[in-house]
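Everything below concerns the one structure shown next.
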Amino acid sequence: MIRNAEPSDKLHVLKFCQNTFSWGDYVEHVWDFWLNEDLFFVFEKELPVGIIHSFFSKDQIWIEGIRVDPNHRKQKIAYDLVTHVELVGKSKGAVFSFMLVDVENSISLSLAKSLKYELFQTWNFYALEPKKNSNFNVEFSRSFDENSATHYVKSWRWLPFDDAVKSQLIQENKIIQSQINGKISTAIISNSEHFDNTLIVTLFSESDDATLQIILFLQNYAIENNHNRIQILTKEKLFDFESLEKKLSFHLLRKNLG
Ligand SMILES: CC(C)(COP(=O)(O)OP(=O)(O)OC[C@H]1O[C@@H](n2cnc3c(N)ncnc32)[C@H](O)[C@@H]1OP(=O)(O)O)[C@@H](O)C(=O)NCCC(=O)NCCS
């Protein structure tokens with residue numbers, strides 16, 4: 001009943017995904033990417049009635065895009081899809097499985113609980129408007145030793161942040177830091193792979209003063225690099241700032257597959 005997704009599933013799936021959330025859904029925008037990336041599964045009952053996409057990296061399997069047709073819910077379809085992906089992940093050597101759930105999505109939080117996921121971290125999502133600025137006190141990092149930085153966000157996936165990844169990001173000038181009065185804030189920048197002109201930023205904030213410098217830099221960087229959206233993900237609560245809007249909070253949930 002669970003099989004790889006195929007191009008011909010698209011129409012059926014997008015039909016039951018039209019009104020997933022109050023604002024619609026993003027599945028139609030990522031469908032082609034997910035097909036190309038593999039690990040994209042469909043639950044079939046004559047027609048597709050559920051989907052899940054996953055992404056393997058290092059020791060973890062990332063789970064995203066769980067959707068079940070509203071006419072087929074509460075039949076353990078999501079439960080079976082997640083369990084399937086966990087087994088696939090385990091067979092590839094994953095030790096952990098991760099998923100991100102909106103703190104207000106109580107049904108998905110129940111689903112995760114029933115599958116024995118634990119609350120690992122909580123992250124806040126802010127939208128920042130690009131703006132021409134000058135005079136910001138930041139530098140490209142040459143070393144970044146922050147033990148609490150377990151993951152960084154790439155295309156809305158929380159990926160393991162190890163030494164090899166750090167070196168590469170440092171080389172590419174993707175790690176920006178600001179130090180003020182001994183407190184350092186750090187931002188890791190990346191382009192969205194799925195949405196045009198969107199800058200995705202993982203922010204580790206030690207102080208508001210240092211973070212303000214990074215925010216001014218990011219606004220200007222977006223203008224100079226033709227990004228019209230800046231999405232900031234951070235574990236911290238940020239200060240009030242005119243071009244910064246708090247959107248949502250998410251729980252990062254983890255399961256040890258051992
Ligand atoms: C969340 C969603 C995928 C669940 O799919 P589903 O196939 O109906 O879920 P399952 O039947 O596998 O449920 C497994 C467990 O999840 C929880 N759960 C599922 N639906 C629930 C509901 N309506 N209320 C409370 N708990 C619920 C229960 O713990 C359930 O176990 P139980 O049946 O033993 O009580 C589905 O509601 C959906 O597509 N929602 C919209 C998209 C979405 O929010 N996706 C997740 C984004 S992270």
Side-chain angles (χ1 to χ4, degrees), residues 1-5 9-31 33-35 37 39-57 60-90 94 96-125 151 153-159 192-195 200 231 233 235 247-257:
M1 278 203 220
I2 295 177
R3 57 162 175 80
N4 287 321
D9 297 322
K10 187 171 179 176
L11 268 183
H12 298 293
V13 172
L14 294 191
K15 218 164 153 190
F16 71 71
C17 287
Q18 266 171 7
N19 302 312
T20 305
F21 304 109
S22 55
W23 47 268
D25 204 335
Y26 64 83
V27 170
E28 62 177 310
H29 302 292
V30 294
W31 177 274
F33 293 104
W34 285 358
L35 267 183
E37 282 173 0
L39 300 182
F40 187 18
F41 302 100
V42 157
F43 193 107
E44 187 175 52
K45 279 189 171 183
E46 291 174 21
L47 289 175
V49 291
I51 55 164
I52 192 166
H53 183 250
S54 55
F55 186 85
F56 176 76
S57 69
Q60 75 173 50
I61 189 94
W62 177 260
I63 291 180
E64 63 192 2
I66 312 168
R67 302 286 184 272
V68 172
D69 182 335
N71 297 319
H72 295 268
R73 288 189 184 162
K74 294 285 286 169
Q75 297 170 28
K76 290 273 183 247
I77 291 176
Y79 189 97
D80 287 349
L81 281 165
V82 174
T83 305
H84 178 77
V85 163
E86 288 170 2
L87 288 173
V88 172
K90 230 176 140 175
F96 293 107
S97 172
F98 282 90
M99 60 171 96
L100 189 75
V101 179
D102 185 327
V103 296
E104 289 181 5
N105 189 340
S106 54
I107 293 182
S108 294
L109 291 173
S110 307
L111 168 70
K113 200 171 170 200
S114 77
L115 284 153
K116 309 255 175 325
Y117 280 72
E118 51 165 20
L119 174 58
F120 180 60
Q121 294 166 348
T122 301
W123 288 72
N124 303 309
F125 164 36
H151 289 77
V153 185
K154 191 173 183 203
S155 289
W156 282 84
R157 290 166 186 151
W158 272 243
L159 301 183
S192 170
E193 289 164 353
H194 302 140
F195 294 93
I200 298 183
Q231 300 180 328
L233 288 316
K235 282 185 278 183
K247 293 282 197 185
L248 301 164
S249 295
F250 295 93
H251 290 319
L252 183 59
L253 304 165
R254 181 175 80 166
K255 178 173 178 176
N256 190 329
L257 300 176

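Counting convention: from 1, in listed order, for ligands and their atoms alike. Starting from 1, each residue takes its place in the sequence as its number.
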(message) Any nitrogen or oxygen of I66, side chain or backbone, less than 3.5 Å from one on ligand 1?
(response) yes
(request) Working to the nearest 0.5 Å, report the span between CZ of F125 and CH2 of W156. (result) 4.5 Å
(message) When you measure from the side chain of S54 to the backbone of L39, do you find a donor-acceptor pair of N or O atoms at a distance under 3.5 Å?
(response) yes
(message) Given the ring of F43, does R73 sit roughly above its face, with NZ or CZ under 6.0 Å from the centre of the six-membered ring and within 45° of the axis?
(response) no
(message) When you compare ligand 1 with A78, is there at least one nitrogen or oxygen pair between them that comes in under 3.5 angstrom?
(response) yes
(message) Would Q75 count as being in polar contact with ligand 1, using the rule that some N or O on each side must be under 3.5 angstrom apart?
(response) yes
(request) Please list, chain by chain and in numerical order, all residues satisfying side chain to side chain contact (heavy atoms under 4.5 Å, CB included) with K15, sequence neighbours excluded. (result) none
(message) So for ligand 1, is L100 a polar contact partner (N or O within less than 3.5 Å, distance only)?
(response) no
(request) Using modelled atom types only, decide if a donor and an acceptor are shared between the side chain of S155 and the backbone of E193 within a distance under 3.5 Å. (result) yes
(message) Pairs of nitrogen or oxygen atoms closer than 3.5 Å, one from N105 and one from ligand 1: do any exist?
(response) yes
(request) Would you mind checking which non-hydrogen protein atom is closest to atom 13 (O) of ligand 1, with the distance to 0.1 Å? (result) L111 CD1, 4.0 Å
(request) Could you check atom 21 (C) of ligand 1 against the protein and tell me its nearest heavy-atom contact, residue, atom and distance included? (result) I107 CG2, 3.5 Å
(message) Could you measure the distance from the CD1 atom of I63 to the NE2 atom of H53? Nearest 0.5 Å is fine.
(response) 11.5 Å
